[in-house]
K.L.:
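This is the structure I have questions about; it appears just below.
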Amino acid sequence: MVKIDPSEITPEHLYLSRRKFIKAAGAAAAGALALAACGRQDVPEEQATSEQQGAPSPTPEPMQPAATPDVTKPPATTPEVGLTPQASEDELGSPLTSYAAINTYNNYYEFSFGKEEVAAIAKGFESRPWTVEVGGLVANPKTYSLDDLLQFTQEERIYRMRCVEAWSMVIPWLGFPLGDLLREVEPTSEAKYLRFETLLDPARMPGQRSPGLDWPYVEGLRLDEAMHDLTILATGLYGKPLLPQTGAPIRLVVPWKYGFKSIKSIVKIDLVAEMPTSLWITQSPAEYGFYANVNPNVPHPRWSQATERRIGKAGRVKTLMFNGYGEEVSSLYEGMDLATWF
Ligand code: MTE
C-alpha cells in the first residue's frame with residue numbers, strides 16, 4: 001500500500017489550487033455559463049451515440065451500447081476511500097466524479113472492450129513487483145522499481161479527463177510531475193520525443209490475446225509537453241493506489257489531451273529523436289493524431305467534439321479548448337495549425 005501523509009499533499013495542493021484558481025477565474029465564468037446552457041435536447045444524434053460507436057474502436061462493428069454506470073452504489077470490489085481529497089471540485093467548480101464511477105467505467109482494452117466489465121476482468125492483476133525502464137537518448141538510463149517511483153514527492157492534482165469519445169470525469173489524482181523523473185535521467189540534446197509502452201503480457205491481459213490491435217499500447221509526447229508541470233505520472237487517486245482498471249501501478253496523465261494519450265500500466269519510457277507512432281495512429285491514422293489536444297472546434301470524423309457527457313451528471317457540458325488548460329499550455333503550440341495537427 002502506498003502511504004501518503006496528507007500533510008505532505010496539502011501544501012502543494014493548496015498551492016496548485018490557488019495558482020489555477022487565479023489563472024482560471026475568467027474561464028470559470030464561461031464554464032458556469034456553459035453548464036447552464038447545455039441540455040440533452042441540444043445534443044445532435046451523432047454526438048449522443050459516439051460512445052456506442054465505441055471510439056477509439058479497433059473494429060468496424062459498433063460496440064455494445066455502454067449504459068451510464070450507476071454511480072450511486074459502489075461495486076462490492078471497491079474499497080473504502082482512505083484519504084479524502086482536499087477539495088470537492090476542480091478549479092472551474094465542477095464536482096469530483098465519484099470514486100465508484102472512476103473505477104467502474106473504464107477504457108482498458110488489454111482487459112476488455114466493455115467499459116463496465118474491465119474492473120471485474122482486471123481484478124487480481126498483480127502490479128507488484130513492477131519496473132519502469134527509462135532509456136534511449138538520456139545520459140543516465142535507469143530502471144525504476146515502484147518503490148523508487150514512490151520516492152518522488154506525490155501530490156494531489158484535480159484534473160478533468162476528457163475522453164475522445166465525448167465523455168469526461170473530474171479526478172483527484174495522486175502522482176508526481178514527469179519532469180521530476182526526466183531531470184534525473186537527463187535527456188540528451190538529440191532527444192525530442194518520449195515513447196511510452198504498456199506491459200505486454202497476454203497471459204495476464206486477456207485483451208492482448210484477441211486480434212485487432214497491434215499490442216503493446218504505445219503513446220508519445222513531445223519532450224516539452226512531457227516536461228510541462230501539468231503532465232504527471234499518476235500512482236493513485238482519491239488518496240489510494242490505482243486499481244488495475246485505472247492503470248496500476250503507474251500511468252500517464254496529460255489533462256489537456258484526449259484520454260487515450262494517458263497510457264496505463266507503463267513499463268517502458270524511451271527518449272527518442274523521431275515522433276513515435278502510437279497504437280491508435282497505427283490503427284486509424286485518419287481518426288487519431290499524435291497531438292490529440294482537446295479541441296471542440298475539430299470534430300472527430302464520426303462525431304462532434306463540441307460537448308461532452310460528464311459521468312455521473314445529467315446533460316452535457318461544453319468542451320473547452322485544451323480541456324480548459326489553454327492558459328497553461330497554448331504557448332506549446334504557437335504557430336501550429338491546431339486543426340491540421342490533430
Ligand atoms: N492505456 C492502455 N494501456 N490501454 C487502454 O486501453 N485507454 C485509454 C487511456 N489509456 C487505454 C489506456 C483511453 S481511450 C482512455 S479514455 C483512458 O485511458 C481511460 O482511463 P480510465 O479508464 O481511467 O478512465
Side-chain angles (χ1 to χ4, degrees), residues 50-51 53-59 63 66 69 71 96-122 125 127 132 159-175 195-202 204-208 210 212-221 232-238 240-255 257-269 278-284 287-289 292 294 300 305 308-312 323:
S50 64
E51 289 164 56
Q53 288 171 1
S57 171
T59 58
M63 284 207 288
V71 295
L96 302 185
T97 304
S98 74
Y99 184 80
I102 295 169
N103 283 296
T104 51
Y105 191 77
N106 300 100
N107 273 342
Y108 202 169
Y109 297 138
E110 283 86 339
F111 292 102
S112 172
F113 290 105
K115 291 176 179 27
E116 290 167 88
E117 62 177 33
V118 169
I121 294 172
F125 173 77
S127 55
V132 180
Y159 287 156
R160 293 171 295 287
M161 183 180 74
R162 169 54 158 91
C163 179
V164 74
E165 298 166 335
W167 54 265
S168 60
M169 298 186 182
V170 183
I171 304 178
W173 298 106
L174 274 182
R195 181 184 181 281
F196 301 83
E197 239 181 71
T198 294
L199 177 70
L200 177 64
D201 189 346
R204 293 158 71 200
M205 296 180 139
Q208 292 178 340
S210 356
L213 290 176
D214 193 11
W215 306 109
Y217 199 102
V218 168
E219 260 307 337
L221 288 178
I232 60 167
L233 287 175
T235 55
L237 56 86
Y238 268 101
K240 298 180 72 74
L242 294 178
L243 295 178
Q245 59 267 38
T246 52
I250 189 155
R251 72 178 287 174
L252 182 68
V253 178
V254 195
K257 292 180 180 285
Y258 290 120
F260 67 85
K261 298 293 290 183
S262 294
I263 180 171
K264 297 176 171 182
S265 306
I266 298 167
V267 290
K268 200 165 189 291
I269 304 175
S278 68
L279 174 141
W280 290 116
I281 295 175
T282 307
Q283 184 64 33
S284 189
E287 295 190 326
Y288 305 107
V294 175
H300 183 279
Q305 293 291 24
E308 64 206 51
R309 181 168 67 93
R310 187 63 51 82
I311 299 298
N323 203 20

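Since we're looking at a predicted model, the values are computed, not measured. Note that ligands are numbered from 1 as they come in the structure, with each ligand's atoms numbered from 1 the same way. The analysis underlying the following values was restricted to heavy atoms, covering all of them including side chains, and did not include hydrogens, waters or symmetry mates.
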K.L.:
What do we get for Arg251 next to ligand 1 when only non-hydrogen atoms under 4.0 Å count, side chain, backbone, both or neither?
P.N.:
side chain
K.L.:
Distance alone, cut at 3.5 Å: any donor-acceptor contact between the side chains of Tyr217 and Ser278?
P.N.:
no
K.L.:
May I ask you to list the atoms of ligand 1 that are less than 4.0 angstrom from any heavy atom of Asn106?
P.N.:
21 (P), 22 (O), 23 (O)
K.L.:
Find all atoms of ligand 1 within a distance of less than 4.0 Å from any non-hydrogen atom belonging to Cys163, and give their numbers and elements.
P.N.:
16 (S)
K.L.:
Please work out, at 4.0 Å between heavy atoms, whether the side chain, the backbone, both, or neither of Tyr217 comes within that distance of ligand 1.
P.N.:
side chain
K.L.:
I'd like to know if the side chain of Arg251 reaches the main chain of Thr246, judged simply by a donor and an acceptor atom lying under 3.5 Å from each other, with no hydrogens or angles considered.
P.N.:
yes
K.L.:
Picking from Leu242, Thr97, Leu174, what satisfies side chain to side chain contact (heavy atoms under 4.5 Å, CB included) with Leu237?
P.N.:
Leu242
K.L.:
Does at least one non-hydrogen atom of Glu219 fall below 4.0 angstrom from an atom of ligand 1?
P.N.:
no
K.L.:
Quick check on contacts: which atoms of ligand 1 are under 4.0 angstrom from a heavy atom of Tyr109?
P.N.:
5 (C), 6 (O)
K.L.:
Looking just at side-chain N and O atoms, do Ser168 and Arg162 make a donor-acceptor pair shorter than 3.5 Å?
P.N.:
no
K.L.:
Using a heavy-atom cut-off of under 4.0 Å, does the side chain or the backbone of Met161 touch ligand 1, or both, or neither?
P.N.:
side chain
K.L.:
Quick check: do Asp214 and Trp280 have side-chain heavy atoms less than 4.5 Å from each other?
P.N.:
no
K.L.:
For Thr198, take its heavy atoms, then give the atoms of ligand 1 lying under 4.0 Å from any of them.
P.N.:
3 (N)
K.L.:
Hey, is ligand 1 close enough to Thr246 that some N/O pair sits below 3.5 Å?
P.N.:
no
K.L.:
Just by modelled atom types, is the Ser262 backbone N or O under 3.5 Å from a matching donor or acceptor in the Lys257 side chain?
P.N.:
no
K.L.:
Which residues satisfy the side chain to side chain donor-acceptor pair (under 3.5 Å) test with Glu110, sequence neighbours excluded?
P.N.:
none
K.L.:
In terms of atom number and element, which parts of ligand 1 are under 4.0 angstrom from non-hydrogen atoms of Ile263?
P.N.:
1 (N), 10 (N)
K.L.:
For ligand 1 and Trp167, I'd like to know whether there is a polar contact (N/O to N/O, distance under 3.5 Å).
P.N.:
no
K.L.:
Any non-hydrogen atom of Ser265 lying under 4.0 Å from ligand 1?
P.N.:
no
K.L.:
Here's a test for you: under side chain to side chain donor-acceptor pair (under 3.5 Å), which of Thr104, Asn106, Asn107 qualifies with Lys115?
P.N.:
Asn107
